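A quick write-up on the structure given underneath.
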Amino acid sequence: MEHCFEALLNTYFTDGAEIEISSDDDGFRGAWYEGKVVRSVSKKVKKNASKKEHRVQVVVEYATLMADDGDTQPLQETVDIVQVRPRPPRERRRTFNFNEEVDAYCNDGWWEGIVMKVLEGRKYSVFFRASKEQLDFAESQLRLHREWVNGDWAPPLEHENDEEIVTPTEKKRSNDIGQEIFSQGMKVEVSSDEEGFKGAWFAATVVKQLDSGNYVIEYQNLRNDDDTEFLQEEVDHLHIRPCPPDIERVNSFKVQEKVDALYNDGWWVGMISKVLKGKKYIVHFSNTNEELEFKHVDVRPHQDWIDGKWIMASKAKQLSSRTSKSKS
């Protein structure tokens, strides 16, 4: 594992490298802040009386956060390597569509949200699941949401020679999207904003769609308080998605690979922080800042449901290569 971390440091996180930093502190989760690497730190952490292991961290300097209120000195912190990623390259200007996942620049950082309404004057109303807020942003304050996994961006980066920008006139109403995707009896996965459940997807079945456009779903593994039947709930289209397609089971996962881990009847989004012997892994969960051990059978490759399609991070480079060839 130490060798893997050293490779990451030498490739992406050398001294002075421009990066983005995430935080596990309350009020800052779900945002990425621009900064740079000051230096790497490798220290030994005592796990038990007989064993120590290396923990690789980096000292970072924020570009927009100051050390104290009113101070002009940029804030410096020491963070785990799993909390940093390269700074996304600048992309061409584009418009955004209803229900598209974006990052919005707010309070000195980039926050993940979803476009709820396309407004006049190239502005958009964006909903943030973590805080349950909805705010308006100019087009220049938004970028397409992407994940950094295994050295690639998913979905792949767009370039100046890409096809014409899609205009907001192609958007659909939320009810139309629901009718096309989530029919009665369909197997789906459902997320929750309730404390203790954030960051997980639970298997469920669609019972019916309501006139409001929301759905009544029945969980496959969660039961009601009386433990007499499976729990039913009403959810909106933002918290429901199709079940991820079956993909070829990978032989092993790598350090810093984004995965879903089966825990407490749900699939929780995390990142491989250590590969153990016997096909086991330590998975880091940024939402709770916890690390837990999992067997290989209880881990699956992470896939994102973006713009009506499943995007697998490990395929990003391959997809990008195909797109480039088809347009050359």
Side-chain angles (χ1 to χ4, degrees), residues 1-5 7-8 11-13 20 22-24 29-30 32 53 55-56 79-86 101 112 129-130 145-156 187-192 196-204 220-221 239 241-306 309-320:
M1 182 184 70
E2 184 180 356
H3 175 73
C4 294
F5 281 144
L8 288 170
T11 304
Y12 301 110
F13 307 123
E20 289 189 340
S22 65
S23 174
D24 292 324
R29 291 175 184 168
W32 288 90
E53 60 182 40
R55 182 177 182 180
V56 179
V79 300
D80 289 335
I81 194 172
V82 296
Q83 293 177 248
V84 298
R85 69 182 187 184
E101 291 188 339
E112 180 182 351
R129 293 174 180 169
H145 176 71
R146 288 185 167 84
E147 300 285 348
W148 171 257
V149 184
N150 287 346
D152 291 305
W153 292 101
K187 302 298 183 183
V188 294
E189 290 189 344
V190 178
S191 66
S192 174
F197 293 92
K198 294 179 181 179
W201 289 89
F202 297 89
Q220 293 184 17
N221 299 306
H239 296 84
R241 69 183 189 183
C243 289
D246 290 332
I247 55 178
E248 184 179 351
R249 172 67 66 172
V250 298
N251 292 326
S252 62
F253 296 97
K254 300 177 181 178
V255 171
Q256 271 229 323
E257 187 169 356
K258 194 170 186 178
V259 296
D260 299 335
L262 186 60
Y263 180 70
N264 283 349
D265 298 318
W267 290 97
W268 299 75
V269 182
M271 185 173 292
I272 301 290
S273 61
K274 185 176 182 180
V275 179
L276 306 175
K277 294 180 179 179
K279 289 218 167 190
K280 295 181 180 180
Y281 308 92
I282 300 296
V283 179
H284 176 264
F285 302 97
S286 60
N287 280 349
T288 60
N289 198 27
E290 289 182 292
E291 287 192 334
L292 300 174
E293 181 179 319
F294 292 90
K295 298 178 182 177
H296 183 81
V297 70
D298 292 328
V299 179
R300 70 183 185 187
H302 179 73
Q303 299 179 79
D304 285 302
W305 178 247
I306 299 175
K309 295 184 294 185
W310 284 105
I311 302 295
M312 186 175 174
S314 61
K315 299 293 184 183
K317 189 173 182 179
Q318 179 181 345
L319 290 172
S320 179

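As the structure is a prediction and not an experimental result, all values here were calculated from the model.
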Within the structure provided, determine whether Pro155 and Arg146 are in side-chain contact (heavy-atom separation under 4.5 Å).
yes
Is any side-chain heavy atom of Arg85 closer than 4.5 Å to a side-chain heavy atom of Trp32?
yes
All salt bridge (Lys or Arg N to Asp or Glu O under 4.0 Å) counterparts of Glu112, not counting sequence neighbours:
none
So which of His296, Glu293, Lys274 actually passes side-chain hydrogen bond (donor to acceptor under 3.5 Å, both in side chains) with Tyr281?
His296
Counterpart residues, side chain to side chain donor-acceptor pair (under 3.5 Å), relative to [X] (two or more places apart):
X      : answer
Lys187 : Thr205
His284 : Asn289
Gln83  : none

Tell me the closest heavy-atom pair linking Gln303 and Asp260, and the distance in Å.
N-OD2, 4.5 Å
Ile272 and Phe253 have their tightest heavy-atom pair at CG1-CB, 4.0 Å
Just verifying a value: how many Å separate [X] [atom1] and [Y] [atom2], rounded to the nearest 0.5 Å?
X      : Y      : atom1 : atom2 : value
Lys258 : His302 : NZ    : NE2   : 4.0 Å
Asp298 : Leu292 : CG    : CG    : 12.0 Å
Glu101 : Glu147 : CD    : CD    : 8.5 Å
Glu291 : Asp80  : CD    : CG    : 7.5 Å
Lys198 : Thr288 : NZ    : OG1   : 12.5 Å

Are more than 12 heavy atoms, taken from residues, nucleotides or ligands other than Lys254, located less than 6.0 Å from that residue's NZ atom?
no
Look at the side chain of Lys295 and the backbone N and O of Gly278, then say whether any donor-acceptor pair between them is shorter than 3.5 Å.
no
Would you call Glu189 and Arg300 a salt bridge, using N to O less than 4.0 angstrom?
yes
Please enumerate all residues that pass side chain to side chain contact (heavy atoms under 4.5 Å, CB included) together with Ala261, with sequence neighbours excluded.
Phe285, Phe294
Please list, chain by chain and in numerical order, all residues satisfying ring pair (Phe, Tyr, Trp, His ring centres under 6.0 Å) with Trp201, sequence neighbours excluded.
none
Parallel, tilted or perpendicular: which fits the ring planes of Phe202 and Trp268, with parallel below 30° and perpendicular above 60°?
perpendicular
